[in-house]
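Heads up: the structure comes next, in structure tokens.
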Amino acid sequence: MPATCVIGLQWGDEAKGKIVDLLTERHDIVVRYQGGANAGHTVVTGDQTYKLSLIPSGIFRPRVQCVVAGGVVLNPAGILEEIDALVARGVQVGDNLMLSDRAHVIFPWHFEEDRLIDQQCTSGEAIGTTLRGIGPCYRDKVGRSFAVRLGDMYRYDFHDRIVQIVQAKNHILAGLGSGEDVHLDAVEIFQQYQQYAQRLKPHVADTTAYLLDAVEAGKNVLFEGAQGALLDIDHGTFPFVTSSNSSGVGVSAGSGVPGCYVTKVIGIVKAYTTRVGGGPFPTEQDNDVGQHIRDRGNEYGTVTRRPRRCGWFDAVAARYTARLSGVDVLAVMLLDVPSQLPELKICTAYEVGGRRTTDFPSHVDDLRRVVPVYETMPGWQEEISHVRRIADLPQKARNYLDRISELVGRPVEVVSVGADREQTMFAEPKPS
Ligand code: IMP
């Protein structure tokens with residue numbers, strides 16, 4: 001049964017890492033295929049807590065091959081830091097980690113551009129990037145002239161490429177007119193990146209060829225999406241998005257594996273909605289409800305520690321991203337968080353100029369103008385974090401799950417009520 005894919009259906013931070021971790025034991029290979037160190041997940045194994053950004057959590061299982069595929073943008077210093085931190089704590093990181101020679105490399109100028117451009121070049125609202133150089137690196141990838149792939153760091157002309165690019169980037173950075181004197185030193189950068197290249201060399205490989213062989217041989221592959229589908233560069237809430245295809249459409253482009261090998265897509269949603277950074281968020285609750293969710297769900301960014309914006313479940317958005325991503329089943333995470341609210345609201349439609357629609361608008365200005373149409377459901381007062389079977393959840397919580405499933409149009413297969421592995425429940429198969 002070749003490939004399973006895990007995709008966040010909201011604006012990221014849907015607790016995908018937990019589901020990936022659970023599924024990893026049933027897979028031979030785990031693949032990150034888009035984004036970079038803008039993602040972050042916390043993995044708890046035994047009494048140890050690890051924070052990972054780019055390395056798949058499969059790294060904790062020696063039998064599992066971890067692959068960072070070509071669609072990723074990679075900061076060498078960042079990934080070496082992750083590797084060193086794991087090794088220092090006794091985790092084996094060797095042949096079990098492969099990095100694509102096609103992955104694009106993040107350089108110091110990308111961090112500078114991220115900082116300078118998001119600060120001054122957006123009209124009105126900033127995107128609020130994670131400042132990890134992600135957008136500028138993808139911009140250079142698409143622009144090609146200033147792009148460097150991991151495999152390029154081992155080629156005869158690497159030094160000359162760096163000198164050429166640094167020359168141009170110093171002009172560009174000066175032209176961004178921040179009033180700051182940003183001057184990049186080509187020699188210093190070359191020497192630093194040559195050291196990184198040597199250390200990363202044992203991991204660098206043609207992962208496209210490796211993955212194609214693997215799926216053709218019938219290996220079980222797990223594709224781990226980063227961010228969420230509403231942040232997809234093409235289909236998300238542009239321009240308040242990340243720079244990669246974070247919905248299900250990104251799997252093939254980022255990994256090189258044709259979509260026909262993906263046999264199951266699991267769409268991950270929270271029982272409510274959150275967003276970090278700028279951009280419209282129709283169901284946002286900037287009030288006591290939002291605060292209740294933030295406090296109980298510890299809704300602060302893993303990478304940046306920014307408080308997340310919180311709001312009601314938006315079924316219009318989730319239905320759109322589930323369809324877009326080819327989702328088969330849903331995993332509803334953090335269902336314990338809205339416990340104790342007297343009532344819960346689900347956005348079932350948008351009102352636009354007096355007209356009701358369940359279509360998700362393609363332009364961000366139209367999304368800003370929508371008025372959410374809510375259905376109100378009674379909340380449950382009981383704590384549910386100890387519940388271990390979906391059938392044992394309070395009836396009101398089950399009704400809430402059923403309504404989400406109905407509105408999004410996909411069955412709920414997994415429900416999570418806490419960070420521990422045991423706090424995960426699976427729908428019992430329907431009798432045939
Ligand atoms: P960038 O990916 O750093 O360019 O950030 C672009 C937008 O995506 C910002 O609003 C970020 O807050 C958001 N973003 C990027 N990565 C994540 C993530 O892993 N979780 C949630 N939001 C993210």
Side-chain angles (χ1 to χ4, degrees), residues 6-20 32-43 51-57 68 71-75 78 82 104 106 109-119 121-122 124-142 224-247 250 254 268-270 272-281 284 294 297-311 314 317 321 333-334 364 367-368:
V6 171
I7 300 287
L9 297 185
Q10 295 161 320
W11 278 289
D13 310 315
E14 297 92 352
K16 296 176 288 294
K18 180 179 172 182
I19 298 299
V20 168
R32 262 292 302 273
Y33 56 89
Q34 45 76 224
N38 44 353
H41 51 268
T42 307
V43 183
K51 289 207 184 300
L52 297 176
S53 277
L54 207 52
I55 298 181
S57 53
V68 175
V72 161
V73 287
L74 189 146
N75 169 18
E82 277 186 58
H104 281 251
I106 298 181
W109 50 86
H110 294 130
F111 290 100
E112 292 299 335
E113 288 172 10
D114 211 355
R115 190 171 60 85
L116 293 173
I117 294 176
D118 201 24
Q119 228 170 53
C121 296
T122 38
E125 194 176 358
I127 295 171
T129 76
T130 58
L131 298 175
R132 297 294 190 272
I134 307 295
C137 186
Y138 276 118
R139 183 164 52 232
D140 280 344
K141 167 180 172 171
V142 177
E224 174 181 358
Q227 291 86 46
L230 292 172
L231 289 171
D232 187 288
I233 181 73
D234 290 306
H235 307 285
T237 51
F238 190 87
F240 299 97
V241 290
T242 192
S243 300
S244 61
N245 284 119
S246 50
S247 70
I268 318 285
V269 291
K270 282 177 179 169
Y272 47 91
T273 311
T274 63
R275 172 160 212 177
V276 206
F281 176 178
E284 182 169 15
R294 191 172 304 112
N298 187 26
E299 292 294 356
Y300 295 87
T302 319
V303 173
T304 60
R305 295 310 297 159
R306 287 180 290 179
R308 295 180 184 139
R309 300 156 65 190
C310 300
D314 185 340
T321 50
M333 313 302 285
L334 295 126
V364 84
L367 186 63
R368 273 186 219 288

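Start at 1 and go down the list; that is how both ligands and their atoms are numbered. Remember, predicted model here, so these are calculated numbers, not experimental data.
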Query raised in the report: Of all residues at least two apart in sequence or in a different chain, which pass the side chain to side chain contact (heavy atoms under 4.5 Å, CB included) check with Arg306?
Result: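 Once residues adjacent in sequence are excluded, the partners of Arg306 under the side chain to side chain contact (heavy atoms under 4.5 Å, CB included) criterion are Thr130, Val276, Thr304.
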What atoms in ligand 1 come closer than 4.0 Å to a heavy atom of [X]?
X	result
Ile127	6 (C), 9 (C), 10 (O)
Arg306	11 (C), 12 (O)
Gly277	10 (O)
Gly128	9 (C), 10 (O), 11 (C), 12 (O)

Report task. Write out all pairs satisfying salt bridge (charged side-chain N to carboxylate O under 4.0 Å, His left out) with one or both partners inside residues 224-247, taking only residues at least two apart or from two chains. Result -> none
For [X], state whether at least one heavy atom is located under 4.0 Å from any atom of ligand 1.
X	result
Gln227	yes
Ala226	no
Asp114	no

To which protein heavy atom is [atom] closest, and what is the distance rounded to 0.1 Å?
atom	answer
atom 5 (O) of ligand 1	Thr129 CA, 3.4 Å
atom 6 (C) of ligand 1	Val241 O, 3.3 Å
atom 20 (N) of ligand 1	Asp13 OD1, 3.0 Å
atom 3 (O) of ligand 1	Thr130 OG1, 2.6 Å

**Report entry** Winner among Val276, Asn38, Thr274 once heavy atoms are compared against atom 10 (O) of ligand 1
**Finding:**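 Comparing heavy atoms across Val276, Asn38, Thr274, the nearest one to atom 10 (O) of ligand 1 lies in Val276.
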Requested in this report: Would you mind finding which of Ile134, Thr242, Leu231 brings a heavy atom closest to atom 14 (N) of ligand 1?
Outcome: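 The option holding the nearest heavy atom is Leu231.
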Query raised in the report: Can a donor-acceptor pair be found between the side chains of Ser244 and Gln34 at a distance below 3.5 Å?
Result: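 Checked: Ser244/Gln34 side chains pair up, N/O donor to acceptor below 3.5 Å.
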Query raised in the report: Hey, are Asp314 and Thr273 close enough side-chain-wise for a donor-acceptor pair under 3.5 Å?
Result: no
Report task. Before giving the answer on side chain to side chain contact (heavy atoms under 4.5 Å, CB included), spell out for Ile106 and Phe111 the whole-Å C-alpha distance, their side-chain angles and the decisive distance to 0.1 Å. Result -> CA-CA 8 Å; Ile106 298 181; Phe111 290 100; 3.7 Å; yes
Report task. Could you pull out the closest heavy-atom pair between Asp114 and Ile134, with the gap in Å? Result ->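 Looking at all heavy atoms of both residues, the shortest contact is OD2-N, 3.8 Å.
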Query - Shortest non-hydrogen separation from Ser246 to Gly228 and the atoms involved - result: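 Nearest heavy atoms, Ser246 then Gly228: OG-O, 2.8 Å.
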Query raised in the report: Checking salt bridge (charged side-chain N to carboxylate O under 4.0 Å, His left out) against Glu299, which of Lys270, Arg305, Arg309, Arg294 comes through?
Result: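 The salt bridge (charged side-chain N to carboxylate O under 4.0 Å, His left out) with Glu299 is passed solely by Lys270 among Lys270, Arg305, Arg309, Arg294.
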Query raised in the report: Where do Gln10 and Thr274 land on the side chain to side chain contact (heavy atoms under 4.5 Å, CB included) test, with the steps shown first?
Result: CA-CA 8 Å; Gln10 295 161 320; Thr274 63; over 6 Å; no
Report task. Decide side chain to side chain contact (heavy atoms under 4.5 Å, CB included) for Leu52 and His41; before the verdict, give the C-alpha distance in whole Å, the side-chain angles of both, and the deciding distance to 0.1 Å. Result -> CA-CA 5 Å; Leu52 297 176; His41 51 268; 3.8 Å; yes
Query raised in the report: Does Arg132 reach ligand 1 with a nitrogen or oxygen that is under 3.5 Å from one of the ligand's nitrogen or oxygen atoms?
Result: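 By distance alone, the answer is no.
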Query raised in the report: Which is it for Arg275 and ligand 1 at heavy atoms under 4.0 Å: side chain, backbone, both or neither?
Result: neither
Query raised in the report: For ligand 1, which part of Trp11 has a heavy atom less than 4.0 Å away: the side chain, the backbone, both, or neither?
Result: backbone
